[in-house]
Amino acid sequence: MKALKDLPVEEARARMLAAVSPGMAETVALDRHALGRVLAEPIRAVRDQPPFDASAMDGYAIRLGDGAARFRVIGESAAGHPFAGEVGAGEAVRIFTGAEAPSGCTVVVQERARREGDQVSFEGVLPGERTNVRLRAGDFAAGDVLLPAGVRLDAWRLALAAAAGRAEAKLHPQPRVAVISTGEEIVPAGTADIRPAQIFDSNGPSLATLVGQWGGRPIRLPPARDDEEAIAGAIAAVEAELIVTVGGASVGDYDLVKPALKRLGLELEVETIRLRPGKPTWFGRLADGRCVLGLPGNPASGLVAAELFLRPLLAAWQGADPALRLEHARLAEPLRETGPREHWMRAKLTRDGEGVLHATPFSDQDSSLVSVFAAADALLRRPAGAGSTGVGDVVEVLRLDRL
Ligand code: AMP
Ligand code: MG
């Protein structure tokens with residue numbers, strides 16, 4: 001019998017990641033619809049960039065080395081319309097930015113040129129060899145890997161792919177992720193006749209948004225009551241690679257999500273985690289292979305667990321690196337020793353005049369506080385069993401993607 005309870009955070013994450021692998025790659029146009037998606041193949045350069053020696057300035061292309069001070073203008077090289085001939089001693093070609101620089105030439109900027117008819121001379125000393133010339137393949141060369149597989153596309157990387165002439169590429173598919181809140185008391189925001197005993201669903205919309213932000217395709221299901229049949233029924237037919245349930249994750253009389261999903265053949269991989277907040281977070285697979293991530297209902301618990309597990313899961317599903325991107329910061333307030341669970345505290349980040357990052361944990365870390373999460377910049381990691389930590393000590397932080 002595998003031990004599934006009270007797993008360290010790392011081990012819980014490793015068990016979850018072992019359950020996922022990217023699906024079949026699909027060919028996708030490299031336009032804004034590819035934003036945030038992950039390359040399933042490397043993008044290679046099929047030719048040099050620039051493809052020819054190009055002028056970086058408007059001016060005159062001349063050949064150095066023959067001591068001439070005046071040059072006869074024999075033609076023009078403009079972008080898209082190169083000069084066809086050779087430039088000899090005492091000759092110049094009028095040239096513009098981005099135009100092909102005739103072989104062996106240097107470009108003198110037009111601000112220094114004195115033009116009289118077909119003659120041109122220049123103020124000051126002539127520049128050195130190949131000045132103001134962008135050499136062929138100076139940006140990249142044919143055959144170079146410009147973007148390796150596993151890279152997430154953004155506007156800058158799309159520019160590189162386009163510069164290489166690529167209009168489409170094989171991308172990993174985006175996992176479909178269903179999000180379902182559970183609880184007798186949970187009603188959708190906007191419900192007009194809400195009763196005093198009811199609570200608006202804050203996790204549903206935030207988790208669905210995070211799924212989209214992290215590259216998945218969110219599917220929002222209506223909240224389910226604490227009823228095994230209702231929960232199993234809502235999840236039975238959802239077409240998704242991953243189902244995220246919210247609430248009912250613990251061991252109370254009304255924590256029915258796991259018992260409900262036993263009806264669909266749930267096999268647990270992770271039962272509880274040595275994590276604060278978020279101890280009841282669990283993970284398993286249904287008989288049909290769909291994965292389920294069970295999050296606790298308290299908003300901070302759910303969002304901490306989403307950052308620590310859902311985000312890496314979505315990355316792995318898309319063939320991207322699932323590692324948490326931790327940074328270092330200096331603690332701005334002393335902290336007492338932590339207990340046996342790894343603690344992820346909501347914190348503000350500030351940068352001082354020297355550029356050093358400082359983290360200030362919120363004084364109230366109660367896991368029900370949506371207001372604190374909405375104001376936080378980062379999660380501050382306190383390892384399980386960490387001793388008291390003083391002002392200025394270095395701590396690890398996980399920055400939240402705030403816009
Ligand atoms: P549970 O995990 O079901 O025991 O819920 C723990 C606490 O979180 C309770 O106070 C719930 O009312 C609250 N809660 C559960 N689900 C949600 C939700 N989707 N949005 C906001 N609060 C929730
Ligand atoms: Mg509940």
Side-chain angles (χ1 to χ4, degrees), residues 5-6 12 177-213 216 218-235 238 240 242-263 266 268 270-284 292-311 341 343-344 346 362 364-376 379 400:
K5 288 194 180 167
D6 205 30
V177 181
V179 177
I180 181 165
S181 298
T182 69
E184 291 293 306
E185 76 284 27
I186 304 300
V187 295
T191 303
D193 51 352
I194 187 163
R195 295 196 309 272
Q198 292 180 316
I199 299 282
F200 289 122
D201 176 9
S202 61
N203 289 338
S206 63
L207 288 166
T209 304
L210 287 173
V211 166
Q213 208 169 315
I219 302 165
R220 271 196 72 191
L221 301 176
R225 307 190 53 182
D226 289 324
D227 173 272
E228 286 192 28
E229 208 161 302
I231 295 167
I235 290 172
V238 187
L242 174 67
I243 296 141
V244 176
T245 65
V246 181
S250 197
V251 292
D253 289 351
Y254 300 101
D255 292 327
L256 298 176
V257 178
K258 277 182 278 192
L261 295 184
K262 292 274 190 237
R263 299 175 179 211
L266 176 68
L268 285 172
V270 172
E271 210 168 328
T272 58
I273 304 176
R274 209 175 300 159
L275 167 66
R276 177 178 165 210
K279 177 182 174 188
T281 304
W282 58 271
F283 181 85
V292 189
L293 175 64
L295 300 179
N298 267 318
S301 314
L303 291 179
V304 166
E307 290 282 347
L308 299 186
F309 305 109
L310 178 58
R311 186 174 192 171
R341 288 187 279 153
H343 191 185
W344 288 80
R346 278 67 71 209
F362 284 88
D364 195 344
Q365 294 284 332
D366 189 280
S367 62
S368 68
L369 300 176
V370 197
S371 55
V372 167
F373 219 113
L379 299 176
L400 303 172

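Both counts, for ligands and for their atoms, begin at 1 and track the order of listing.
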| message | Under 4.0 Å, counting heavy atoms only: does G183 come that close to any atom of ligand 1? | response | no
| field | Nearest-0.5 Å distance, CZ of residue R341 to CG of residue D6 | value | 8.5 Å
| task | Identify the protein heavy atom lying closest to atom 12 (O) of ligand 1, giving its residue, its atom name and the separation to 0.1 Å. | result | E185 OE2, 2.6 Å
| task | Output the list of atoms in ligand 1 that are nearer than 4.0 Å to some heavy atom of F200, sorted by atom number. | result | 20 (N), 21 (C)
| request: Output the distance between atom CG (D227) and atom OG1 (T182), rounded to the nearest 0.5 Å. | output: 11.0 Å
| request: Quick one: look up the protein heavy atom nearest atom 20 (N) of ligand 1 and list residue, atom name and how far away it is. | output: S202 N, 3.0 Å
| task | Starting at CG of L369, measure out to CG of N298 and round the result to the nearest 0.5 Å. | result | 9.0 Å
| remark: heavy-atom search around atom 2 (O) of ligand 1 in the protein gives G297 N, 2.8 Å
| query | Are R346 and L379 close enough that some pair of their side-chain heavy atoms sits under 4.5 Å apart? | reply | yes
| said: Show me which atoms of ligand 1 lie under 4.0 Å from any heavy atom of D201. | reply: 18 (C), 19 (N), 20 (N)
| Considering only protein heavy atoms, which is closest to atom 4 (O) of ligand 1, and at what distance to one decimal place? | D255 OD1, 3.8 Å
| query | What residue and heavy atom of the protein are closest to atom 17 (C) of ligand 1, and at what distance? | reply | I186 CD1, 3.4 Å
| said: Checking a contact table here: which protein heavy atom is nearest atom 6 (C) of ligand 1, and how many Å away? | reply: N298 N, 3.8 Å
| V177 vs P218 side-chain heavy atoms within contact, under 4.5 Å | no
| Atom indices of ligand 1 within 4.0 angstrom of S181 heavy atoms, with elements | 19 (N)
| field | Minimum heavy-atom distance between G183 and D226, given as atom pair plus value | value | CA-OD1, 3.4 Å
| Neighbour count >12 (heavy atoms, 6.0 Å) for atom CZ, R225 | no
| request: Answer yes or no: is there a side-chain heavy-atom contact under 4.5 Å between P205 and R220? | output: yes
| task | Please identify which atoms of ligand 1 are closer than 4.0 Å to at least one heavy atom of G248. | result | 1 (P), 2 (O), 3 (O)
